[in-house]
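Below is one structure, written out as C-alpha cells, with a few remarks after it.
The sequence lines fix the lettering, A, B, ..., with proteins before strands; numbering per chain opens at 1.
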Amino acid sequence: MVNLINLRLPLAFVFVLLLSGVSSAEDHTVLVGTEDNPYIFSEANLVIAPGDNVTFIWTPGQPHNVAQVESSSSNVYVSGGDIIFFYSGEPVDGIEWVLNSTYTQEEGILYYICEPHAGLQMRGQIVIESRPDMTMELGDFPWLSYLLVFPLIGALWCFAFRNSPEAHKYIALSTTLFTLAISVIVFIKAGSGNGFRLMEEYEWAPNLGVSLLLGVDGLSSPLVLLTGIICPLTVIFSWHEKEKPALFFALLLVMQTALYGVFITLDYFVFYIFWEVVLIPMFFLIAIWGGDNRRYASIKFFIYTFTASVIMLVGFMALYFEAGVNSFSMIDIANNSSGFSREFQIWVFAALFIGFAVKIPSVPWHTWLPDAHVQAPTAGSILLAGVMLKMGLYGLMRAALPPLPIGAEFFVPLMVALAIISILYGAVLSLGQTDLKKLVAYSSVSHMGVALLGVATMTELGFAGAVFMMFAHGILSPAMFMVAGVLLHQLGTREIPKLGGIAQSQPTTTGLFVVIFMGSLGVPGMAVFVSELAVFIAFFQSHGYLLLLPIFGMVITAGYHLWALQRAIFGAENESVDIKKVHEAPWYEMYPMFILIIIAAFFGIFPHYLMDPISVASYDILDFMGVL
Amino acid sequence: MDSTFLFLPEMILIASILAIPAIYIATESTKSYSICSNISLFVSLLLVVLFWYYPDDVSFDKSSSSYLIYDHFVINDFSQLFKVIFLISALAVSVVSSSYFKEDEPHQAEYYVLLLSSALGMLITASANDFLTIFVGIELSAFSSYGLVAFRKTNDKSTEAGAKYLLIGAFSSALTLYGISLLYALTGSVTFEGVNAFLTGLENGVIDGDFNELVFISSLFIIAGLGFKIAVVPFHAWAPDVYEGAPTPVTALLAAASKAMGFVALLKVFIFTLEPFADEWKLVFGIIALVSMTIGNLAALSQKDIGRMLAYSSIAQAGYILIAFPALTQDAVSGAIAHTMVHAFMKGGAFIVVAGVGAAGLGYNVSSFKGLAKRSQLLALTMTVCLLSLVGLPPLAGFISKFLLFYGVLQAGVAGETWIIALVVAGVLNSALSLYYYLKVIRFMYLYDPEDSDDVEFSTSIRYTSLLVILFLVLILPLFYQDLYSLCEDASRELFA
C-alpha cells in the first residue's frame, strides 16, 4: 500500500506541474528585410496582445538593426534619455533578436526603425491591444482561476484516496501549500496600484448578465493571502485527525475554494453562490467532528446565516434591476448607481447590511458564533474565525458601499452604535467565560467590532485599519484557537477553572501561548496593535471623545486576556490537572503557532507591506462613493 | 399538411396501454409489463423531443413555432417542454416501480396500465387548446391516479388515501367544470383563443357589457378546482394523507408530474386565456401564494412521516410558483416554468430515495433515515442534494430556478405593483424557514448511527436513477442554466402570444 502511494503522489505532482505550465503568451516573428525588398520589415504593422513575444529575424544581405523611436515620423533613436527604448545593437547582417517582453506588457503602439535605412522609410510598428475574442482581459496568466480550481482538484484527490491511511493529508498539505504560493504571487502582483488587477472573465449566462468575473485589488489581496496562509496551517494542525480524515481534508479544501471565490469574485450572482457554498462544508465540519452539542450548533449556524443571506440576495437583485445595465458585475452596477434614489439606497443597504452583519458578526446577531465555535473542531474554528468572519466586512466594503453611498451614510450612526456595543459587550462577556474557546469566540465579536467601527468612520484611515484588523485578527485568533486546541488534546478540557499551573511542564509551549495572548490583546509590535491604532485615530477624527467607549473596551480586552492566561497556564497547580499528561506540544501543533506569531510580528513591525495596498483600495472606494 | 403524425408519442402510449393486458394473458412474468412500459415511455420521450425541434417532416426545419391540430390540440414550445417533463417523470417512476414492487405483488399489469394512462392524460393536458380537451386530459390523468393511489388494496392507508383523493378530486373537477360553463355561457366559445378574444373585446369596449363579477366568480371556481390539483392552501388537505398512503413511486408521480400538470392548466387558463381580466384574479393568487408557502412550511416543521413532510413542502413550493401569476410578466412566468420543471426533478428525486429506503424495509419515518449515509453514501447524497436544492441553496438547480422565479417577479414588482415585492420577501424568508426541517433529515442521515445493521441492499435501479438525479441537479442544470432559461422563455412566449 505504501509503495502504491509513493508512486501516486509523484504522479499527482506531475499532474499539478503540467497544469501550471500552461502559458497564454503567443509568439510572433518579424523578418528584417525580405527576399523581394531588403529595406522593409515583413510585418510592418504587427498587432499583438499584451505580454506576447516578438522575434526579429534578419534576412541575409544587408546590415540592419531594430531601434525604437518616439513617433511614426521620428528618424532618430535616442539613447540614454529619460525613456529607455529597446535597441537590438549595432547594425549586423543576419542574426535573430528577441524583443524583451516587458516592452509589450502595456497597451499602446511601439514605433521602431532600422537606423541605417530610416531614410528609406524602413520602419514598423507593434500595436498592443487585448485580443477581443479572449475572455481574459488584463491578466497574463489565470492565477485567480487556479486559486479556485486547485483546492477542488485536491478535494477530489483526497476523496479518491479515502481508503489509504496517509495519502490524503499529504495531498491536502501539498494542495494548500501550492495555493499558498499562488496566493503570495497574487498578493505581490496585485501590488498597491489603483483598480483591479489580474482580471479574468468567463461567460456563464450572458442573457442575464452573469459571468465569472474575477479580479483583486488592495482590499481583497490581503484576504487572499490570509486564506492562503491559514489553510495549510489548518491542515498541519489537524495532521493526526482520526475520524474520517479523507472527508475532513476534502471538506477543508472545498471550503478553501469557496472562501477564495468570495474574495476574488466581482459579480453579485457568483459572489452569492460562493457566499452560500461556504456554509455547506462548515456545516458538516461542525456537525461531524464537533463537540457534544454539535447537532444543535451546526443547525443554528446554518439557519442563522442562510436566513440573513437570502435577504441579502433580494438586495442584490434590487441593485441589478435598478442599475438597469443587464449585468451582475459589481463594477458595472457601481458605475451606474448615480440614479439610485435615497429611499431605494436606504432599503437596499438595510437588506445587504443584515446579510453582512450576521457574518461579521455584530451584536445582536452574534449568538450563532459562540455555539458554532465551541462545538466546532479546532480546524473548523480556525477557518471560521480566521477567514470566514472576514467575509461579512469584506462584503460590506466590496458589495454594499460603492453602489449605495447615501444608504451607507444613513446607517453610519447605527453602525457606530453596533460596533461600540459589540466591542464592549463582547469584551465583558469574554471576561465571564470559563470555556477558553468561548472566550476566544466573544473576543472575536469584540475585535470585529473594532473593524466595523473602522468602516463606520468612512475615512481612508478607518477603512485601512478595518482591513488590517481583518488580517491581523485572521492571524491571531486562529493562534488563540490553537492554544485552546493544544490544551484540549493534552488535558481533555478547555475549562479555565480546571486548568492552571501547567507552565513549568511545558515551558516552550507556554512561551508561545504568552506571545499569542499578548499579540491578541494588542501589544505594540504585533499586527493587532497597528489596526487598533489606525481605527482609533480615525474614529477620534470623525467622532471625537466618543472614542473613550471603545478605548474602555480595550482595557477590558487586556484584562480578560491576562486573567485567562494567569488562571489557565500559570498560577498554582490545579488539583484536577493530571500533570503527567502535560508535555510540550507536538511539532504539528507547535509549528503552526510559531509561524502565525512570526507573521503577526512581521506585519506588526512592517505594516506598510499591507497598509499600502489597503490604503489605495480604501481611498478608491471612498473616492468612488464621493465621501472624500 | 396532415400533422396527425405529431400524435405519435400519445399513440405509442395508447398502443402500450392496450398491449400490456395482452402480455398479461400471454405471460405471468411481472418484469415484462415494466419493460413494455419503460420502452414505450422512452420511445415516446424521444419522439416528443424530435417533434419539438423538427415538427415538419418535409423540410425538417423549425419554421413555425406552433402547430394547431383540429383547433383542439396545439404543439408548441410550451407543450413540448412540459411533455418532456411529464415523460421523464413517468419513466423514472416506471423504472423505480419495478424494483419497488416485489415479484409476487398482485395486479402489476393494471398498475402499469394506469401509470401509462395517467401519463397520457398529462400529455393531452399539455397539448390542449380548449377547455374541454384540457378537462378531459386532467380527468384522464386524475382517474388513473385514483387507482394508483389505492393500488395496495389490502393496505388500509392506501385505500383510505385513494378514497379521499377520489372524493376530493371529483368535487374539484365539478368546481372546475362549473367555472368553465360560466365562461362558456358568457363567451360562447370553449377554445382558449375564442374566450380570450371575447374577453379582450369586453375589456377594450368593443363588446358592451359589465361582466367583471361573472369572470371573477368563474375564475374563483377554476382556481378552486385546479388548486386541488396543485395542492395549495386552502385546497391542500388531501395532499399529506395521499402522499403518505400511496405507494411511494405513485407519490413521486403525483408530486413531480401531476403537480406540474396542474400548473400547465393554470398557466393556460389564466396567463393565456383570462389575461384581459387579470385585475380580477391577481389578488386571489397573491393571497393563496402567501398563505400556501407559510402554512406549508410551518406544518412541515413538525411532521414525523417523511411523505407528509415532503407533501407540506410541496404545498409551500406551489406557493412559491404561484407568485408569478400576479406578476404577470414573461420573465416571471418563465421563472415559474423553470421552477415547476426543477421542482419535478428534485421532489421526484427525493421520493425516489424515499421509495428506495422504504423498499429496503426501513420504514417511512423521518427517523428511518438515521444513518443512511453509513448504509448508502449515494442515496444519502441524493437526498441531501434534493433537499438542499428544494431550499434553494446555491449552486444547485433549485437555487437557479428559484432565483429565476424571484428575479422575474421582483422585476415586475420594482416596475409596477409594489405589493408583489412583499411576496418575494415572504418567499425568501420561507425558504430560510424550510431549511430547518430539511436539515433535520440531513442531520439524521449523516450524524446518527443506523438503528440496526449497516448492511442493507438497495435496488440497483433506484441507485442509478438517483445518480442521474444528482447529475441533473448538481451539474447539468446549473452549468447550462442559460439554456434552461431560454427554453422556459420560449415556452412562456407561447402564453403571451
Side-chain angles (χ1 to χ4, degrees), chain A residues 159 162 203-211 244 247 258 261 269-280 283-284 286-290 294-296 298-322 324 326 328 344 347-348 351 355, chain B residues 331 334-335 373-374 377 384-385 388 391-396 399-400 402-415 418 421-448 478-486 489:
Chain A
F159 206 66
R162 63 185 177 280
E203 284 192 339
W204 187 9
N207 288 2
L208 289 166
V210 176
S211 62
K244 297 183 195 161
L247 187 61
F269 187 86
V270 182
F271 175 84
Y272 180 76
I273 288 183
F274 282 121
W275 180 274
E276 294 290 43
V277 168
V278 170
L279 297 183
I280 301 172
F283 170 76
F284 282 109
I286 299 176
I288 299 181
W289 291 273
R294 57 183 187 265
R295 287 162 186 155
Y296 166 77
S298 57
I299 287 196
K300 184 172 178 182
F301 158 77
F302 204 139
I303 291 179
Y304 227 102
T305 48
F306 182 76
T307 312
S309 11
V310 288
I311 299 172
M312 184 179 86
L313 177 65
V314 177
F316 285 171
M317 286 201 262
L319 278 178
Y320 168 83
F321 291 127
E322 196 73 10
N326 190 34
F328 274 96
F344 172 83
W347 276 104
V348 174
Chain B
D331 278 344
S334 309
K374 289 218 171 63
Q377 283 284 355
T384 310
V385 165
L388 290 182
V391 180
L393 202 77
L396 303 171
F399 165 69
I400 302 288
K402 222 179 226 182
F403 174 82
L404 293 175
L405 173 65
F406 289 158
Y407 164 92
V409 178
L410 194 65
Q411 194 177 29
V414 170
T418 34
I421 299 177
L423 291 180
V424 176
V425 174
V428 295
L429 288 180
N430 263 297
S431 304
L433 176 64
S434 68
L435 189 60
Y436 178 74
Y437 55 88
Y438 294 131
L439 274 186
K440 205 160 70 177
V441 180
I442 296 173
R443 198 173 59 153
F444 275 142
M445 290 190 299
Y446 283 96
L447 309 186
Y448 287 77
L479 277 182
F480 300 102
Y481 91 93
Q482 172 95 39
D483 304 279
L484 168 74
Y485 186 62
S486 52
E489 258 189 331

- prompt: Between B/L393, B/L433, B/I442, B/V414, which residue shows the highest count of heavy-atom pairs closer than 4.5 Å to chain A?
  reply: B/L393
Let me have the donor-acceptor pairs involving side chains of residues 310-320 of chain A, under 3.5 Å, with sequence neighbours excluded, atom names and distances please.
from: A/Y320; atom 1: OH; to: A/L208; atom 2: O; distance (Å): 2.9
from: A/Y320; atom 1: OH; to: A/N326; atom 2: OD1; distance (Å): 2.8
from: A/Y320; atom 1: OH; to: B/Y407; atom 2: OH; distance (Å): 3.3

- request: Look at B/S486, B/P478, B/G413 and state which one has the largest set of heavy-atom pairs under 4.5 Å with chain A.
  value: B/P478
- prompt: Is A/F344 atom CZ crowded by more than 12 heavy atoms from other residues, nucleotides or ligands, each under 6.0 Å away?
  reply: yes
field: From OG1 (B/T384) to CZ (A/F284), nearest 0.5 Å
entry: 5.5 Å
- request: Indicate the atoms forming the closest heavy-atom contact of A/F269 with B/I400, along with that distance.
  value: CZ-CD1, 4.2 Å
task: Starting at CZ of B/R443, measure out to CZ of A/F283 and round the result to the nearest 0.5 Å.
output: 8.0 Å
task: Give a yes or no on whether A/F321 atom CZ has more than 12 heavy-atom contacts from other residues, nucleotides or ligands under 6.0 Å away.
output: yes
field: Point-to-point distance, once rounded to the nearest 0.5 Å, from OH of B/Y446 to CZ of A/R295
entry: 15.0 Å
- line: Taken to the nearest 0.5 Å, the spacing of B/Y481 OH from A/N207 CG works out to 10.0 Å
query: In terms of heavy-atom pairs under 4.5 Å, which option from A/S298, A/P206, A/S309 contacts chain B the most?
result: A/P206
field: Part of B/Y448 lying under 4.5 Å from any heavy atom of chain A
entry: both
task: Specify the closest pair of heavy atoms between B/A432 and A/T307, including all atoms of both residues, with the distance to one decimal.
output: CB-OG1, 3.4 Å
- request: Locate the shortest heavy-atom distance separating B/P394 from A/V277; write the atom from each residue and the value.
  value: O-CG2, 3.7 Å
Per-residue contact mode, A/F302 against chain B (heavy atom under 4.5 angstrom): both
field: B/S431: partners by side-chain hydrogen bond (donor to acceptor under 3.5 Å, both in side chains), with sequence neighbours left out
entry: B/K402
message: For the interface with chain A, which of B/V425, B/L435, B/V424, B/L429 has the highest count of heavy-atom pairs at distances below 4.5 Å?
response: B/L435
- prompt: What's the shortest heavy-atom distance between B/L447 and A/A287, and which atoms?
  reply: CD2-O, 3.2 Å
field: Separation of A/L279 CG from B/L388 CG (nearest 0.5 Å)
entry: 10.5 Å
- request: Flag the pair A/Y272 / B/F403 as yes when at least one side-chain heavy-atom distance between them is below 4.5 Å, and no otherwise.
  value: no
